[in-house]
Every structure is written in C-alpha cells, then in structure tokens.
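Read through the structure below, which is laid out as structure tokens, and then see the notes.
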Amino acid sequence: MALRRKLAIIPEVQRPAWAAPAEARALLPAMLIGGWNDSLAGDRDVIAKLARKPYEEVNDTLARAANVPDSPVRHVGDVWLLASKEDAWALLGKFLTRADLENFEGVVLDVLGQPDPSFDLPVAERYMANILGKSLPYSGLLREGMAETLALMGARSDSLTFVDATSGQERADRIVGRPLHKANADWKVWASIAYHLPLLAEAAPGVFLDAVERGLSGEAPVLLNIFSEGKNSLFSSSPHTGLLWALDRLAWHPEYSHAARPGRRVASHRGARPN
C-alpha cells in the first residue's frame, strides 16, 4: 500500500483514513520511534512522554489502528512496529509541532545519552549484565528506531520542512549533537551508542565528524577507551567496531572523505580508522 500511494494519482489512495487530521496526531509517537517493546517499562515511558498522555491511552489508540485496513502499525507479541517509516513520515510529518520536536529531542538525549550500566562491571562479567540488573531500561529496538528516525530526517531534508521552518537536516544536526556532546564527557556513552553510530553519522555527518575529532583530541582522548574495551574477554566485544562502521559509511561520500575534508581524522578508504 505504501508503494501504491507513491504511484497513485487518486487522492483516496494517496491518503488513508489514518492520515486524516482527526486521526494523525495519535500516531505521531509511533512515527517518531518506529518500534518498541510493550513489556519494558522504559519503552512504555518513552511513548507516554512523546504522546504527553498515559501509555494505556496510547496503547488503546494503536490497538484500534492495528486492526483497520492498510494499518500503519503492527503488533506482534510484545513488539509494536511501524509498517513503513517513510510512508508514515510522508503522511504524518506535517502534523508535528514545535513542542513535539522539542519533546523528541529531550527523549533522544535521555535514551541515547544514557550510559549502559553494564560498563560499570568488570569486562569479564558484562555478559551477566541482565542477571545482575546492570542493563539499560530501553530495548535495542526502541534505540535503533530513534536512530533510524534521525537518519530519515537528515536524508529526506530536501522534502521535509517542519512547522518552525527548520529543515530535517537542521533538526537532525541539533538532536544528534546533544548525545554526542555528552559522549565526549563520558566514554561510556560512546560505548553505549556504538552500534547506532552508523545511523547517527548518516543523520548528521558534519556533527558526527566534529564529535569524533573532539573525542580524539587532547592528552587523554576519550574515544580511545572504546578501542580497548572487551579485548581481553572471551564473552565481550569491543564497541569500537560501531565507530569504524560509521566512518566507513561516510568515507564512501566524497564530501566526507579525507581528500575532500583535509584535517579530518578519518581515512578516505574502505575500513576507515581514526588516527
């Protein structure tokens, strides 16, 4: 149906009932997040904050939306998913208010700017983080969904202008910059968002590269900490791989390669590594 809407010339096909003004705002939290785990209190709290109403009310609305033809959401077990993020943004993005965007910015900082408690444990014990109660209160699905939303904001900037006249890229730059600024004060934040860095780099390339450069500066570069984490443990992995994949993704674009941006501490070839 999302593809049909892109190709259709009949307005009734282009705009489903759930995208009408009377229905659209109730779906904005799902559009902003993309997916979450209904069984986790942290995920439920995020949705409630974005909706500015109790989660039970949001859940009731989504349950009705999930059972209409051409539904914008899917409910599988404990998981809620947006059927098509690009389709939803094309139809619902214009209903976002300044307050919605500022609320989302604060939620992103709370979620992606929070260090994973598992990094407080010795490396050899981190595989037991869930058992020891040292895990993030949010699902990986929700965190990844936020990063995907930011990447979409940046990638669709040319066709996305918000109610306050800011472009998608301007919003993405501002929102991504906040957790990255926090990361340069605490390496555990870098480590905690490591596997979301490719999407954050895609969302705000310039902001991301500036943050990496700051993280590699000074006598004790904060980013070096994520290169040593986990290297001596059979059950752990080093979070630096997320950073390398993010640099790799940007290195394919001539604007962000080393040759085009002299002075940047990134390489211009595949498998980019910071100096």
Side-chain angles (χ1 to χ4, degrees), residues 1-8 13-20 23-38 40 43-44 46-47 49-51 58-59 61-97 100-101 103-105 107-108 111-112 138-163 166-176 179 193 195-205 246 249:
M1 290 302 297
L3 177 59
R4 285 187 63 190
R5 274 190 281 277
K6 282 195 171 186
L7 302 177
V13 176
Q14 293 176 339
R15 185 164 298 280
W18 50 262
E23 307 291 335
R25 283 199 54 80
L27 296 170
L28 293 182
M31 183 195 74
L32 288 168
I33 297 301
W36 67 95
N37 192 319
D38 191 53
L40 291 181
D43 284 17
R44 296 195 301 270
V46 165
I47 299 300
K49 286 178 183 177
L50 290 174
V58 180
N59 192 66
T61 300
L62 293 176
R64 292 193 297 272
N67 289 284
V68 300
D70 186 22
S71 171
V73 292
R74 302 284 186 268
H75 194 194
V76 183
D78 291 328
V79 172
W80 279 101
L81 294 167
L82 201 62
S84 170
K85 182 164 283 193
E86 288 200 24
D87 190 40
W89 270 88
L91 293 167
L92 303 177
K94 66 181 181 180
F95 294 103
L96 287 167
T97 65
D100 293 326
L101 293 167
N103 196 17
F104 180 62
E105 181 177 339
V107 168
V108 169
V111 174
L112 298 184
Y138 312 108
S139 68
L141 179 64
L142 180 138
R143 289 162 59 84
E144 186 77 358
M146 282 187 170
E148 287 177 351
T149 293
L150 293 167
L152 188 147
M153 276 188 184
R156 298 290 180 267
S157 183
D158 291 344
S159 59
L160 188 63
T161 301
F162 294 115
V163 68
T166 58
S167 68
Q169 189 61 72
E170 289 170 332
R171 274 288 169 181
D173 286 348
R174 174 173 167 174
I175 296 173
V176 170
I193 60 175
Y195 299 110
H196 307 301
L197 289 178
L199 285 169
L200 297 181
E202 187 175 344
R249 183 169 297 189

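This is a predicted model, so every value here is computed, not measured.
In this structure, the side chain of Trp18 does not engage the main chain of Val73 through any donor-acceptor pair within 3.5 Å. Judged by distance alone, the side chain of Thr149 and the main-chain N or O of Gly145 form a donor-acceptor pair under 3.5 Å. Side-chain atoms of Asp38 do not come within 3.5 Å of backbone N or O of Trp80 as any donor-acceptor pair. At distances below 3.5 Å, at least one donor-acceptor pair connects side-chain atoms of His75 with backbone N or O atoms of Gly77.
Here the closest non-hydrogen pair linking Gln169 and Pro205 is NE2-CD, 4.4 Å. Contact record, His196 with Ala147: CB-CB, 4.2 Å, taken as the closest heavy-atom pair. Taking each heavy atom of Leu91 and Pro16 in turn, the nearest pair found is CD1-CD, 3.7 Å. In terms of heavy atoms, Ala203 sits closest to Ala172 at O-CB, 3.7 Å.
Here OG of Ser71 is found 12.5 Å from CZ of Arg64. Values are rounded to the nearest 0.5 Å. A distance of 11.5 Å separates CD1 of Ile47 from NZ of Lys49, quoted to the nearest 0.5 Å. In this structure, CD1 on Ile175 lies 11.0 Å from CG on Leu200, to the nearest 0.5 angstrom. Between atom CG of residue Asp43 and atom CG of residue Leu142 there is a gap of 4.5 Å, rounded to the nearest 0.5 Å.
You'll find the side chain of Leu28 stays beyond 4.5 Å of the side chain of Leu50, heavy atoms only. A heavy-atom distance below 4.5 Å is found between the side chains of Leu199 and Glu144. Side-chain contact between Met153 and Phe104: present, with at least one pair of heavy atoms (C-beta onward) separated by less than 4.5 Å.
Remark: Arg171 pairs with Glu105, Asp164 by the salt bridge (Lys or Arg N to Asp or Glu O under 4.0 Å) rule, at least two apart or across chains. With sequence neighbours excluded, no residue forms a salt bridge (Lys or Arg N to Asp or Glu O under 4.0 Å) with Glu170. Every residue meeting the side chain to side chain contact (heavy atoms under 4.5 Å, CB included) condition with Thr97, not counting sequence neighbours, appears here in chain and number order: Arg25, Ala99, Asp100.
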List the steps and the verdict of side chain to side chain contact (heavy atoms under 4.5 Å, CB included) for Tyr138 and Val46. CA-CA 9 Å; Tyr138 312 108; Val46 165; 3.7 Å; yes

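Checked against Met146 for a side chain to side chain contact (heavy atoms under 4.5 Å, CB included), the options Leu141, Val111, Leu32 give a single hit: Val111.
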